[in-house]
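Worth knowing before you read on, the calculation uses all heavy atoms, side chains too, and leaves out hydrogens, waters and symmetry mates. Fair warning: this is a prediction, and the values are worked out from it, not measured in the lab.
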Amino acid sequence: MLTLETAPTQHVETGGVRFAYRRLGNSVGIPLVLMQHFTGHMDAWDPELVNALAQDRPVVVFNNAGVGTSTGVTPDTVAQMTEDAERFLQALGLAHVDLLGFSLGGFIAQDMAARDVVSVRKMVLVGTAPRGGEEHLLDVVAQAASHTEAPDIRLPLFFTGTAQSQAAGRAFLVRAAARIQQRDPESGDAVQTAQARAIVGWCAESDPGHASLKAIHQPALVVHGSDDTMFPSVNAFNLARAMKDATLIIYPDSGHGVLFQYPALFAGHAMQFLDA
């Protein structure tokens with residue numbers, strides 16, 4: 001079976017953008033489409049997690065417009081990112097999907113489910129926030145960057161300061177570096193600036209009574225770290241409370257990268273939810 005480390009990078013062009021993507025897992029079944037975090041690309045996913053999810057279903061990872069090896073310009077609004085992702089899925093002929101949205105990817109997943117341009121069956125929302133939610137992106141990134149002793153900014157950004165969480169973070173970094181061939185380039189200032197504006201804009205936008213969440217009819221699994229400083233856990237409670245059919249899980253001693261700290265546990269919970 002192809003893995004995240006070995007699946008070839010493919011491309012599909014639509015709307016003037018050449019999207020890069022990889023397929024792995026089964027060839028039959030409802031595809032699970034993964035949508036990535038702030039500045040993240042296909043190789044920023046955890047191979048252990050993605051490969052576990054692909055054991056029993058098709059999995060698609062991709063770079064949205066302007067990210068990694070996809071062409072085009074990175075939008076500075078979640079609405080445009082959603083439209084780009086929808087065009088990508090339509091170009092692949094994926095008319096009925098499950099979604100896993102992490103952080104910024106969770107914003108896109110919510111928007112896509114509410115719009116119903118692409119048929120979404122179920123979605124998993126990780127480390128994310130509702131429209132109008134609480135975010136501390138710029139402060140948290142600046143604080144993480146101040147940890148010059150850290151070999152990678154993701155250690156202070158995604159994991160707590162405990163020995164256990166930091167050890168899990170270092171193990172994740174090793175796994176995430178496993179792919180060598182056709183590896184995605186890191187995101188530059190153009191991607192960071194546009195995506196930061198999109199995140200701040202989404203969370204600054206008023207949504208009285210969580211009307212957009214109440215419009216989502218699909219079942220959702222909401223997963224959050226107990227000590228997520230970028231999007232505090234109150235966001236997870238608000239998501240789960242406002243949606244019609246949502247289950248909430250909070251993992252202990254974990255930050256924004258909760259799914260990378262507990263890849264096996266998270267994959268098990270996600271697969272149980274998707275298979276139910």
Rounded to the nearest 0.5 Å, the NE2 atom of His11 sits from the OH atom of Tyr21 at a distance of 9.5 Å
How are the rings of Phe102 and His37 set to each other: parallel, tilted or perpendicular (split at 30° and 60°)?
perpendicular
Group every Ile, Leu, Val, Met, Phe, Trp and Tyr by side-chain heavy-atom contacts under 4.5 Å, then state whether Phe273 and Met123 land in the same group.
-> yes
Donor-acceptor pair, Asn26 side chain versus Val28 backbone, under 3.5 Å? no
Using atom types as modelled and distance alone, determine if a side-chain donor or acceptor of Trp202 lies under 3.5 Å from a backbone N or O of Pro130. yes
May I ask you to decide whether Lys122 forms a salt bridge with Asp98, counting only side-chain N to carboxylate O separations under 4.0 Å? no
Let's go through Thr82 and Arg115 carefully: what are the C-alpha distance in whole Å and the side-chain angles of both, what is the deciding distance for side chain to side chain contact (heavy atoms under 4.5 Å, CB included) to 0.1 Å, and is it a yes or a no? CA-CA 9 Å; Thr82 302; Arg115 282 165 51 85; 3.9 Å; yes
How about CD on Gln272, more than 12 heavy atoms from neighbouring residues, nucleotides or ligands closer than 6.0 Å, or not? no
Only one of Thr229, Asp227, Asp253 passes side chain to side chain donor-acceptor pair (under 3.5 Å) with Thr160, and that residue is Asp253
Problem - Whether Phe260 and Trp45 hold their rings parallel, tilted or perpendicular, with breakpoints at 30° and 60° - result: perpendicular
message = Show, in sequence, the C-alpha distance, side-chain angles and deciding distance for Tyr251 and His269, and conclude whether the side chain to side chain contact (heavy atoms under 4.5 Å, CB included) test is met.
response = CA-CA 11 Å; Tyr251 289 172; His269 284 148; 2.5 Å; yes
Item to complete: Given side chain to side chain donor-acceptor pair (under 3.5 Å), test Thr3 with Glu5 step by step and report yes or no.
Response: CA-CA 5 Å; Thr3 65; Glu5 304 96 303; 3.2 Å; yes
**Study point:** Lys/Arg-Asp/Glu bridge criterion (N-O < 4.0 Å) met for Arg179, Asp184
**Key:** no
Take the angle between the ring planes of Phe231 and Phe107 and call it parallel below 30°, perpendicular above 60°, tilted in between. perpendicular
Practice problem: Any chance you could lay out the side chain to side chain donor-acceptor pair (under 3.5 Å) test for Glu134 and Asn238, step after step, and finish with the verdict? | Solution: CA-CA 10 Å; Glu134 183 180 346; Asn238 289 335; over 6 Å; no
Legend entry - Donor-acceptor pair between Gln143 and Asp139 side chains, under 3.5 angstrom: no
Output for pair (Gln218 CD, Ser119 OG), nearest 0.5 Å, gives 7.5 Å
Take Ser165 and Gln261, measure what side chain to side chain donor-acceptor pair (under 3.5 Å) needs, and give me the verdict at the end.
CA-CA 7 Å; Ser165 185; Gln261 180 166 339; 2.9 Å; yes
For the pair Gln90 (side chain) and Val118 (backbone), establish whether a donor and an acceptor sit closer than 3.5 Å, ignoring hydrogens and angles. no
